[in-house]
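Got a structure for you, questions after.
The basis for the numbers below is simple: all heavy atoms, side chains too, and nothing from hydrogens, waters or symmetry mates. Note that the coordinates shown come from a computational prediction; the quantities given were computed from them, not determined experimentally.
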Amino acid sequence: DIVVPSSDGCHALAIVSDNDSYFKSAIWSPDGTKIAYVRGDHSSVGTELYSANPDGSDIRLLRSIDGEVDALTWSPDGGRIAYAAKRDDIWNIFTIAADGSDEQQITHSDAGAERPYWSADGSRIRYMTEVDQVPGYYALDYFEIDLATGETRPLDIFEEGDYGPVWSPDDSRIAFQ
């Protein structure tokens with residue numbers, strides 16, 4: 001279920017519910033008028049991206065994906081949604097317009113790319129990739145891609161074991177665990 005609690009926390013509205021499906025990666029649009037989320041069917045490998053109003057109205061199928069999808073994130077202006085999709089056993093980053101049109105593959109990594117995060121001005125997407133995989137252990141590297149040029153650069157500001165970076169709204173600082 002995707003549930004929106006009331007502002008006082010006493011009530012909750014299930015905006016989508018289906019016993020035959022699972023829902024994940026729900027995220028608010030920057031202006032708070034939409035919630036994007038992933039719906040999957042337990043009996044298939046495909047997933048779907050949806051958006052809905054917070055009151056459960058205007059539910060829209062944005063895109064059907066042949067494979068797994070995770071980590072939705074809205075662009076700062078609300079015009080695009082980035083996500084990680086696993087196709088042919090490799091995760092990469094994609095974007096779509098907020099209406100579901102214009103899918104673009106952003107990364108083309110054989111090592112995979114996950115956890116997209118928009119820069120404050122929407123011109124770049126940061127992401128992570130797993131490297132040095134051995135049974136029971138992996139390391140993470142972080143990268144940033146310029147959406148206008150396609151140029152990718154490593155973000156060499158992390159130590160081994162750092163995970164889950166989140167940039168401040170103005171891009172001036174990073175928090176991570």
Side-chain angles (χ1 to χ4, degrees), residues 2 21-30 34-51 60-158 160-167 171 174 176-177:
I2 303 290
S21 301
Y22 64 87
F23 301 93
K24 65 179 184 175
S25 298
I27 188 161
W28 289 93
S29 63
K34 294 285 183 188
I35 298 173
Y37 59 92
V38 175
R39 177 193 170 275
D41 184 328
H42 294 293
S43 63
S44 70
V45 295
T47 51
E48 298 168 328
L49 303 180
Y50 282 87
S51 71
R60 293 179 186 242
L61 172 64
L62 300 177
R63 182 151 300 261
S64 294
I65 308 288
D66 185 25
E68 295 178 57
V69 174
D70 199 11
L72 303 183
T73 182
W74 290 87
S75 63
D77 68 1
R80 296 194 70 78
I81 300 169
Y83 56 92
K86 188 176 185 181
R87 297 179 177 164
D88 298 321
D89 281 335
I90 299 173
W91 288 95
N92 271 291
I93 307 300
F94 296 80
T95 66
I96 56 170
D99 67 3
S101 65
D102 190 31
E103 182 181 56
Q104 297 177 12
Q105 185 170 349
I106 302 302
T107 62
H108 299 271
S109 172
D110 291 336
E114 301 178 60
R115 301 286 171 203
Y117 191 90
W118 291 89
S119 63
D121 65 4
S123 68
R124 299 173 315 278
I125 292 179
R126 289 112 182 202
Y127 61 93
M128 69 172 214
T129 187
E130 296 178 10
V131 295
D132 300 326
Q133 294 178 329
V134 296
Y137 175 80
Y138 63 91
L140 302 175
D141 277 346
Y142 295 90
F143 295 88
E144 178 177 77
I145 188 165
D146 183 300
L147 296 175
T149 66
E151 182 181 339
T152 300
R153 70 179 186 93
L155 298 174
D156 295 327
I157 53 178
F158 301 100
E160 185 174 327
D162 290 347
Y163 182 77
V166 179
W167 279 261
D171 277 345
I174 302 171
F176 51 87
Q177 34 183 335

Spacing of T129 atom OG1 and F143 atom CZ [to the nearest 0.5 Å]: 6.5 Å

Is there a side-chain contact between I96 and Y83 in this structure, where contact means two heavy atoms from C-beta onward sitting under 4.5 Å apart?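 SC-SC contact between I96 and Y83 confirmed.
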
Run through T73, I81, L147, I125 and flag the one making a side chain to side chain contact (heavy atoms under 4.5 Å, CB included) with T95.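 Only one of T73, I81, L147, I125 forms a side chain to side chain contact (heavy atoms under 4.5 Å, CB included) with T95, namely I125.
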
Enumerate the residue pairs fulfilling salt bridge (Lys or Arg N to Asp or Glu O under 4.0 Å) with a member in residues 89-105, sequence neighbours excluded, ordered by first and then second residue. R80-D102, R87-E103

Could you tell me which residues satisfy side chain to side chain contact (heavy atoms under 4.5 Å, CB included) with T107, sequence neighbours excluded, listed by chain and number?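 Residues passing side chain to side chain contact (heavy atoms under 4.5 Å, CB included) with T107: N92, I93, A113, Y127.
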
Is D121 reaching over with its side chain to a backbone N or O of S123, donor-acceptor style, under 3.5 angstrom?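 Between the backbone of S123 and the side chain of D121 there is a qualifying donor-acceptor contact (under 3.5 Å).
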
Salt bridge (Lys or Arg N to Asp or Glu O under 4.0 Å) partners for D146, two or more places apart: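 Partners of D146 under the salt bridge (Lys or Arg N to Asp or Glu O under 4.0 Å) test: none.
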
Excluding sequence neighbours, so at least two apart, what forms salt bridge (Lys or Arg N to Asp or Glu O under 4.0 Å) with D110? none

Euclidean distance, T152 OG1 relative to H108 NE2, rounded to 0.5 Å: 9.5 Å

Main-chain N/O of D66 paired with T47 side-chain donor or acceptor, under 3.5 Å: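 Looks like no, no N/O pair under 3.5 Å.
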
Pairing residues for L61 by the side chain to side chain contact (heavy atoms under 4.5 Å, CB included) criterion, not counting sequence neighbours: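 Expected list: E48, Y50, S64.
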
Is a side-chain donor or acceptor of R60 paired with a backbone partner of S51 at a separation under 3.5 angstrom? no

Rounded distance (nearest 0.5 Å) linking atom CD of E114 with atom OG of S109: 10.0 Å

Rounded to the nearest 0.5 Å, how far apart are CZ of R124 and CD1 of I145? 12.0 Å

The criterion is side chain to side chain contact (heavy atoms under 4.5 Å, CB included); which residues satisfy it with P76, sequence neighbours excluded?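 In terms of side chain to side chain contact (heavy atoms under 4.5 Å, CB included), with neighbours along the sequence ignored, P76 is linked to W118.
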
OG/S119 to CG/D171 distance, rounded to the nearest 0.5 angstrom? 5.5 Å

